[in-house]
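Note sheet for the following structure.
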Amino acid sequence: MTSQPFHVDVAAYVLGVLDEDEVDAFENHLAQCRRCALDLRDFAELPDLLDEADANGMLRANAGERPDGRSVRAMLDSVSEVRARKRRNVALLAAAAAVLLVVLTAVVSVYAAAPSDPVATSSTPSVPERSNVAKGAPDPSGTITRTDPTTGVFARLSATPEPWGTSVQVEVKGAKGPTRCELVAKSRTGEAMVLGSWLVTTSGPGKDPVTVQASVGLRWHDITEFVVRDTEDGAPLVRLPTS
């Protein structure tokens with residue numbers, strides 16, 4: 001088959017036996033040749049007719065020898081194989097295109113759904129923040145609770161911010177008497193202020209717990225800690241750090 005298209009190439013084009021270059025050349029020629037266009041319309045049903053005739057054994061039964069030694073049967077087999085291969089290639093290309101479309105759609109969907117904030121997509125696991133009580137600061141109700149492991153004295157202090165400073169209520173249990181205890185607030189500048197004192201008896205219904213209400217002319221963020229201490233020797237019985 002020549003690379004230059006001729007009018008006789010119409011049947012070969014319809015049967016699908018032209019190679020790729022010949023197909024391109026013939027299609028370019030077809031666009032400008034009315035005769036070939038009309039022939040192509042007439043030959044359009046030829047492949048189906050040949051398939052039907054071959055399926056019924058009409059062609060193969062009478063297939064004779066060509067002058068070049070190739071049988072008509074061999075030529076028909078070759079044409080059928082070429083056409084079947086082209087149909088398979090078209091089907092494979094269509095399947096590949098469909099798979100590619102699905103993959104691209106999935107990628108676009110994932111990208112569109114992904115958050116744009118890089119902090120939100122961080123893979124670093126979040127560490128639960130320690131509670132205010134665990135850090136020694138007031139919890140949301142404004143309370144610090146501590147038990148000294150050495151003296152065994154327990155204290156719970158509730159603080160409320162005021163326009164003039166901080167009001168507090170402290171509950172103390174476990175102090176050994178007879179003695180006198182006091183509540184001291186220490187500022188960040190090193191100042192110590194006694195907020196109140198009380199007696200601890202050896203027995204009786206008033207021993208435990210003791211609740212004292214007091215106030216201090218300091219803002220909460222200016223106080224480093226509260227200390228319950230024994231006034232006889234000044235030893236701290238329990239400390240309540242604010243941070």
[X] side chain near [Y] side chain, heavy-atom distance below 4.5 Å:
{"X": "Thr166", "Y": "Leu218", "value": "no"}
{"X": "Leu195", "Y": "Val170", "value": "no"}
{"X": "Met193", "Y": "Glu191", "value": "yes"}
{"X": "Cys181", "Y": "Leu237", "value": "yes"}

Joint cluster assignment, [X] & [Y], ILVMFWY side-chain distance < 4.5 Å:
{"X": "Val184", "Y": "Val238", "answer": "no"}
{"X": "Val153", "Y": "Val227", "answer": "no"}
{"X": "Trp198", "Y": "Phe154", "answer": "no"}

What are the two closest non-hydrogen atoms of [X] and [Y], and how far apart are they?
{"X": "Val216", "Y": "Ala185", "value": "CG2-CB, 4.3 Å"}
{"X": "Pro241", "Y": "Ile144", "value": "O-CD1, 3.7 Å"}
{"X": "Lys173", "Y": "Pro209", "value": "CB-CB, 4.1 Å"}
{"X": "Thr151", "Y": "Pro236", "value": "CG2-O, 4.3 Å"}
{"X": "Cys36", "Y": "His29", "value": "SG-NE2, 3.4 Å"}

message: Using a 4.5 Å cut-off between side-chain heavy atoms of Ile, Leu, Val, Met, Phe, Trp and Tyr, which other residues end up in the same hydrophobic cluster as Leu100?
response: Leu104
For Val102, the rest of its hydrophobic cluster, which grows through side-chain links under 4.5 angstrom: none
field: Residues forming a side chain to side chain contact (heavy atoms under 4.5 Å, CB included) with Gln32, sequence neighbours excluded
entry: none
message: I'd like to check the side chain to side chain contact (heavy atoms under 4.5 Å, CB included) partners of Trp164; sequence neighbours left out, ordered by chain and number.
response: Glu162, Ser167, Ser215
task: Supply the atom-to-atom distance Arg188 CZ to Asp222 CG, rounded to the nearest 0.5 angstrom.
output: 7.5 Å
statement: Here the gap from Ile223 atom CD1 to Thr242 atom OG1, rounded to the nearest 0.5 Å, amounts to 7.0 Å
query: Around Arg180, counting heavy atoms of other residues, nucleotides and ligands shown, do more than 12 lie under 6.0 Å from its CZ?
result: no
By side chain to side chain donor-acceptor pair (under 3.5 Å) - contacts of Ser187 (at least two apart): Thr189
- request: Any chance you could lay out the side-chain contact (heavy atoms from CB on, under 4.5 Å) test for Leu183 and Val172, step after step, and finish with the verdict?
  value: CA-CA 10 Å; Leu183 177 65; Val172 181; over 6 Å; no
query: Is there a donor-acceptor pair closer than 3.5 Å between any side-chain N or O of Thr224 and the backbone N or O of Lys186?
result: yes
query: If you look only at pairs with a residue in residues 233-243, which of them pass as a salt bridge (Lys or Arg N to Asp or Glu O under 4.0 Å), with sequence neighbours excluded?
result: Glu225-Arg239
